[in-house]
Student: 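I am attaching a structure below and will ask some questions about it afterwards.
Throughout, residue positions are numbered sequentially from 1 according to the sequence presented. Atoms within a ligand are numbered from 1 in the order they appear, just like the ligands themselves.
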Amino acid sequence: MNKSERWFERAQAVIPGGVSSPVRAFRSVGGKPPYVAKAKGSRITDVDGNEYVDLVGAWGPAILGHAHPDVVAEVANVAKNSFSFGAPCPPEVELAEAIVSRVNAVEKVRFTNSGTEAVMTALRIARAKSKRDVIVKFAGCYHGHADSMLVAAGSGVATLGLPDSPGVTKGAAKDTITLAYGDVKALEEVFAARGNEIAAVITEAIPANMGVVPPPPGFNKRISELCNQYGAVFIFDEVMTGFRVSADGWWGIEGTREDWAPDLFTYGKVIGGGMPLAAVAGNAEIMDLLAPAGPVYQAGTLSGNPVATTAGLVTLRNCTPDVYMHLDAMADQVFAIISDALTKHRVAHQSQRAGNLFSFFFTDKPVHTYDDAKTQDTAAFGRFFHAMLENGVWLPPSAYEAWFVSAAHTDDDLAIIARAADVAARAARQ
Ligand SMILES: Cc1ncc(COP(=O)(O)O)c(C=O)c1O
């Protein structure tokens, strides 16, 4: 038994399934997860001393690579003055200003500790503003693990093949309407039938929690138009895409304030630079519904703490135009390497990409919806995944997740990925 296996055995005795978040347990790909000792730049090292090229990036936050020296230095500096005050502090203001200055539809920001909380807050604001209850979401989109969002959710819920989660009350589920992603007609019909009950429509800016599904042209804008027409709030979940796919997220690529804009955004991942930090954001009028400016209650003991907000601030400061160019170039190359290897070894697959997010579905049909995503040969993905791992590449342990590159990935990493991909594609084919 190696050290990772021993840790996993100990973990299973004291942590449900041995993990703090389900996908990490490797259930859908089989085998046991390596335990991580450290990560630096584009590489992650397990407790047995094996080093891997990391294409998970902590599931998105490690946009600069792990332990970027500027972030580490500033975090160490502020940490000397305590981790958390439970009182206002300058870095939270500076981080909010940095977000506002990047996204011109955002005027105010409220920090939370996770994307789940940010979405919960956005839903509460939407219901308070509209004085309605019903939320429309799209199957396969993941918005965290709040009760009402666990209906037909992506990410770990998809990975584990769970229908919906026990423990979610019928009451919570009945106020969620789930539609197929990209189905404009169904959305128009549901608004026509129940428009006066719908508080909000929530969507991922790019669905990336059932694998990556590029939004059909005009889909996000059409949601915005329908929300405006019927007085519903449009919540644009950019927890995954925010400040990753461009300096101002996916909306910065697709929208302009004059053309269309969501009412609320949710952010996470990159804005905390790897610390627990997320946010809900929007124009001043809607954001001022939050207490103490308005009546909608939301709070957090650790929210906006100096360490997390400093990590986010220094991360955003380092996300320069050059970094975005590098991310796009790396995404191009990894995308091409994997696609070529799968094609060469005649593995049925779809290579899908939006911005610098991408993933590969092991199926011969293009994937537009969650139902399409579920046609995948997950066993083939499992073989591919393990061969990549054995050959030094760390992928998401699920066929339903996006892959992430960072500013720290280099040509050396690409060479390792290319060698591994050839072996892994052959393994997937068997
Ligand atoms: C689009 C999206 N929304 C919300 C969440 C939930 O964020 P957290 O895991 O920080 O609660 C995630 C997490 O992956 C996400 O990808």
Student: Taking 4.0 angstrom as the limit, do R353 and D332 come out as a salt bridge?
Tutor: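 The answer is yes: the pair qualifies as a salt bridge.
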Student: So among W394, F385, F360, which one has a ring pair (Phe, Tyr, Trp, His ring centres under 6.0 Å) with W403?
Tutor: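 Answer to the ring pair (Phe, Tyr, Trp, His ring centres under 6.0 Å) test with W403 among W394, F385, F360: F360.
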Student: Check for me whether Y142 has a heavy atom closer than 4.0 Å to any atom of ligand 1.
Tutor: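 So Y142 counts as touching ligand 1.
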Student: May I ask you to establish whether K374 and Y370 are in a cation-pi arrangement, using a distance under 6.0 Å from NZ or CZ to the six-membered ring centre and at most 45° from the ring axis?
Tutor: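 Yes - K374 lies over the ring of Y370, closer than 6.0 Å to its centre and within 45° of its axis.
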Student: In the protein, which heavy atom is nearest to atom 16 (O) of ligand 1, and how far is it?
Tutor: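 The protein heavy atom lying closest is N209 ND2, 2.9 Å.
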Student: Answer yes or no: is there an ion pair linking R222 with E188, defined by an N-O contact shorter than 4.0 Å?
Tutor: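 Counted as a salt bridge, because a side-chain N and a carboxylate O are separated by less than 4.0 Å.
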Student: Is it the side chain, the backbone, both or neither of T266 that has a heavy atom closer than 4.0 Å to ligand 1?
Tutor: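 Neither; nothing of T266 gets under 4.0 Å from ligand 1.
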Student: Give the atoms of ligand 1, by number and element, whose distance to some non-hydrogen atom of E204 is under 4.0 Å.
Tutor: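 In order of number, 1 (C).
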Student: At less than 4.0 angstrom from any non-hydrogen atom of G115, what atoms of ligand 1 do you find?
Tutor: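 Here the atoms of ligand 1 in question are 6 (C), 7 (O), 8 (P), 10 (O), 11 (O).
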Student: Taking 4.0 Å as the limit for heavy-atom contacts, which would you say applies to H143 with ligand 1: side chain only, backbone only, both, or neither?
Tutor: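 For H143, only backbone atoms sit under 4.0 Å from ligand 1.
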Student: Using a strict cut-off of 4.0 Å, indicate which atoms of ligand 1 neighbour a heavy atom of D237.
Tutor: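 Those qualifying, in numeric order: 1 (C), 2 (C), 3 (N), 4 (C).
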Student: Taking only heavy atoms of S114 into account, list the atoms of ligand 1 that are under 4.0 Å away from them.
Tutor: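 Under 4.0 Å from S114, ligand 1 has these atoms: 10 (O), 11 (O).
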Student: Give, for atom CZ of F265 and atom CD1 of I235, the distance between the pair rounded to the nearest 0.5 Å.
Tutor: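 Going from CZ on F265 over to CD1 on I235, the span is 12.0 Å.
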Student: Quick check on contacts: which atoms of ligand 1 are under 4.0 angstrom from a heavy atom of G144?
Tutor: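 Near G144, meaning under 4.0 Å from one of its heavy atoms, ligand 1 has 4 (C), 5 (C), 6 (C).
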Student: Please check if atom CD in E225 has more than 12 non-hydrogen atoms from other residues, nucleotides or ligands closer than 6.0 Å.
Tutor: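 Count over threshold, so yes.
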Student: I need the minimum non-hydrogen distance between R102 and Y324, along with the two atoms involved.
Tutor: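 Minimum heavy-atom contact is NH1-OH, 3.2 Å.
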Student: Give me the nearest non-hydrogen protein atom to atom 9 (O) of ligand 1 as residue plus atom name, then the distance to 0.1 Å.
Tutor: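 The answer is T116 OG1, 4.6 Å.
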Student: At their closest point, which heavy atom of A25 faces which heavy atom of G17, and how far apart are they?
Tutor: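 What the structure gives for the nearest pair is CB-O, 4.0 Å.
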Student: Report yes or no: does a heavy atom of K269 sit under 4.0 Å from some atom of ligand 1?
Tutor: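 Judged by the 4.0 Å heavy-atom criterion, K269 does count as contacting ligand 1.
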Student: Below 3.5 angstrom, do we get any N/O pair linking H145 and ligand 1?
Tutor: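 No, since none of the N or O atoms of H145 sits under 3.5 Å from an N or O of ligand 1.
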